[in-house]
Amino acid sequence: MNLRKTTAFALALMSLALYCSCAVSAPTAGSTIEIEDLIGRAVTVPIDPQRIAAITGPSYEMAYMLGASSRIAMVKSGHTTNYPLALLTNPSLADCYGVAANPSSTVNIEEYLSCGIDLVIYYDNSNELKKFGSVGIPAVVLTLNTGLFDTLDAVVSQSLSEYIQNSTAAVEKLASILGGDAIDKCDKWKAYVAEKTAMLYDRTSSMPQSQRKSVYWGNTWGENVLATYPLTNRYYEIWLCGGNLLGPTIGNGNFPEVTSEQLFAWDPEIILVDNHGNYPELVIRDMYREGSRWESLSAVKAQQLHRIPAGIFFLDKGTTTTLMLLWLATIVQPELFADINIIEEIQYYYSEFYGFELSSEQASRVVEGWYERIGDEPDYD
């Protein structure tokens with residue numbers, strides 16, 4: 001399938017498819033609709049919610065892209081302090097009520113009641129979700145579907161259309177809840193995702209295995225580069241970029257660890273250092289250090305350690321996963337994607353989808369991972 005046909009197909013598929021302080025009274029009950037969230041729960045949510053708690057890591061950025069920043073009353077505390085570009089694009093974010101949260105934390109329901117929250121975007125944690133239900137606060141799970149498949153064979157055999165559908169499901173669901181202009185913004189964004197993903201697919205889908213660069217994705221927890229993803233989580237995305245992802249087929253939890261012996265045996269050509277553990281710069285500095293135990297790895301010798309970029313949120317999550325893939329493609333297959341100017345691409349994305357004109361210097365900082373760790377709370381998904 002040539003690029004024009006692939007892009008047309010993907011685009012056709014996509015065509016189907018207040019202030020922030022908490023000194024307020026509870027919202028007035030209005031019309032509602034029933035939706036099914038991404039883990040299959042039927043949830044009755046308000047039409048046009050006005051007091052949103054965007055608690056999961058990517059949820060603020062998704063709501064911001066869909067034009068709902070003025071409706072966000074509560075966010076995960078790290079988002080009010082740790083993302084300079086989020087604050088630059090929306091200064092009122094600093095005044096939002098912040099709560100410490102991660103997938104296993106305990107909800108203080110009084111905080112949500114005192115803020116008059118009428119919609120919560122939360123984690124897949126059944127015990128805590130029940131708390132919201134017990135007081136009549138709608139809570140939806142919009143976790144991005146990057147780990148849908150149980151086996152690597154299923155990941156490999158998925159079609160381009162399946163990948164696009166799965167990777168846009170969370171944003172599309174949120175847009176359907178927000179309504180109004182959010183629908184049009186989502187449609188425009190999905191067209192971008194379809195076009196860029198189709199371009200990646202067209203250039204790499206027939207690439208022989210021998211030409212694919214080996215990629216390891218580490219540091220998904222703490223400062224430990226040996227913590228990684230199961231292959232089923234990121235394999236297809238690395239494949240789209242012309243790479244071959246190394247990692248465990250299965251593992252305990254979301255972030256299984258591999259042994260140092262295994263990493264040396266794989267000897268990856270490229271190592272991605274995730275922001276998930278909040279210390280990517282320390283990992284990279286240690287691995288490049290003279291005399292480091294990692295100095296014989298091919299990726300280290302070739303200076304091919306790369307931190308995942310960060311802007312309003314980390315680029316590999318939220319609406320910006322496709323933008324992250326374009327960046328990654330220029331790293332994994334630089335000659336094949338020499339026509340992509342990632343600085344200009346980031347500037348275009350911010351202008352087109354955030355309505356913010358980013359300077360080239362600011363776009364460069366996004367590539368470098370523009371994130372400032374303030375406080376001790378890790379910023380989990």
Side-chain angles (χ1 to χ4, degrees), residues 18-80 93 95-147 169-180 182 254 313 317-319 377-381:
L18 285 164
Y19 56 89
C20 292
S21 72
C22 278
V24 299
S25 58
T28 303
S31 299
T32 59
I33 56 171
E34 185 174 276
I35 62 102
E36 182 178 297
D37 69 9
L38 294 195
I39 60 170
R41 298 164 56 249
V43 184
T44 299
V45 301
I47 294 175
D48 193 27
Q50 293 297 306
R51 302 287 296 171
I52 300 171
I55 303 304
T56 62
S59 57
Y60 168 78
E61 186 275 332
M62 291 194 295
Y64 179 83
M65 192 277 289
L66 293 172
S69 60
S70 64
R71 296 195 249 172
I72 298 174
M74 180 185 288
V75 294
K76 188 173 185 174
S77 55
H79 231 116
T80 63
L93 174 61
D95 300 322
C96 285
Y97 189 90
V99 293
N102 63 57
S104 60
S105 61
T106 300
V107 167
N108 179 354
I109 203 67
E110 294 300 325
E111 290 183 298
Y112 294 83
L113 290 170
S114 66
C115 284
I117 298 299
D118 60 0
L119 178 71
V120 180
I121 305 171
Y122 205 72
Y123 304 98
D124 182 7
N125 183 324
S126 59
N127 289 333
E128 304 310 308
L129 290 171
K130 289 175 184 177
K131 292 182 180 179
F132 293 114
S134 69
V135 296
I137 299 177
V140 295
V141 178
L142 301 180
T143 304
L144 293 175
N145 289 358
T146 55
V171 180
E172 187 171 19
K173 183 67 68 174
L174 181 56
S176 71
I177 295 171
L178 296 173
N254 293 325
F313 193 61
K317 302 175 178 70
T319 72
E377 181 203 357
D379 203 291
Y380 306 121
D381 287 350

query: CG of L129 to CG of D124: how many Å apart, nearest 0.5 Å?
result: 7.0 Å

- prompt: Roughly how far, to the nearest 0.5 Å, is the CD1 atom of I109 from the OG1 atom of T106?
  reply: 11.5 Å

task: Please report the closest heavy-atom contact between E36 and K173, naming both atoms and the distance.
output: O-NZ, 2.8 Å

Nearest-0.5 Å distance that lies between atom CG in L113 and atom CG in N108: 9.0 Å

- prompt: Looking only at heavy atoms, which two atoms of M62 and A170 are closest? And how far apart?
  reply: SD-CB, 4.2 Å

task: For the pair Y64 and I72, evaluate side chain to side chain contact (heavy atoms under 4.5 Å, CB included) and give the outcome as yes or no after the intermediate values.
output: CA-CA 9 Å; Y64 179 83; I72 298 174; 5.5 Å; no

- prompt: In chain order, what residues pass the side-chain contact (heavy atoms from CB on, under 4.5 Å) check against A68, with sequence neighbours excluded?
  reply: A63, R71, L178

- request: Determine the minimum heavy-atom distance between N125 and S105, stating which atoms define it.
  value: ND2-O, 4.3 Å

message: Do V75 and T80 have side chains that approach each other closer than 4.5 Å (heavy atoms only, starting at C-beta)?
response: yes

query: How close do F132 and A139 get, heavy atom to heavy atom, and via which atoms?
result: CD1-CB, 3.7 Å

- request: Could you pull out the closest heavy-atom pair between Y97 and C115, with the gap in Å?
  value: CG-SG, 3.9 Å

- prompt: Minimum heavy-atom separation for A175 to L66, with atom names?
  reply: N-CD1, 3.8 Å

message: As an exercise, state the distance from CD1 of I55 to CG of L142, rounded to the nearest 0.5 Å.
response: 12.5 Å

query: When rounded to the nearest 0.5 angstrom, what is the spacing between CE in M74 and OG in S114?
result: 6.0 Å

query: Got a second to check how far L174's CG is from I52's CD1, nearest 0.5 Å?
result: 7.0 Å

- prompt: For residues E128 and Y122, is any side-chain donor paired with an opposing acceptor at under 3.5 Å?
  reply: no

query: Does D37 reach the main-chain N or O of V141 with its side chain, forming a donor-acceptor pair under 3.5 Å?
result: yes

message: Show, in sequence, the C-alpha distance, side-chain angles and deciding distance for T56 and I121, and conclude whether the side chain to side chain contact (heavy atoms under 4.5 Å, CB included) test is met.
response: CA-CA 7 Å; T56 62; I121 305 171; 3.9 Å; yes

- prompt: Hey, does L93 have a side-chain heavy atom less than 4.5 Å from the side chain of S69?
  reply: no

message: Closer than 3.5 angstrom, by distance alone: can the side chain of E61 be matched with the main-chain N or O of T319 as a donor-acceptor pair?
response: yes

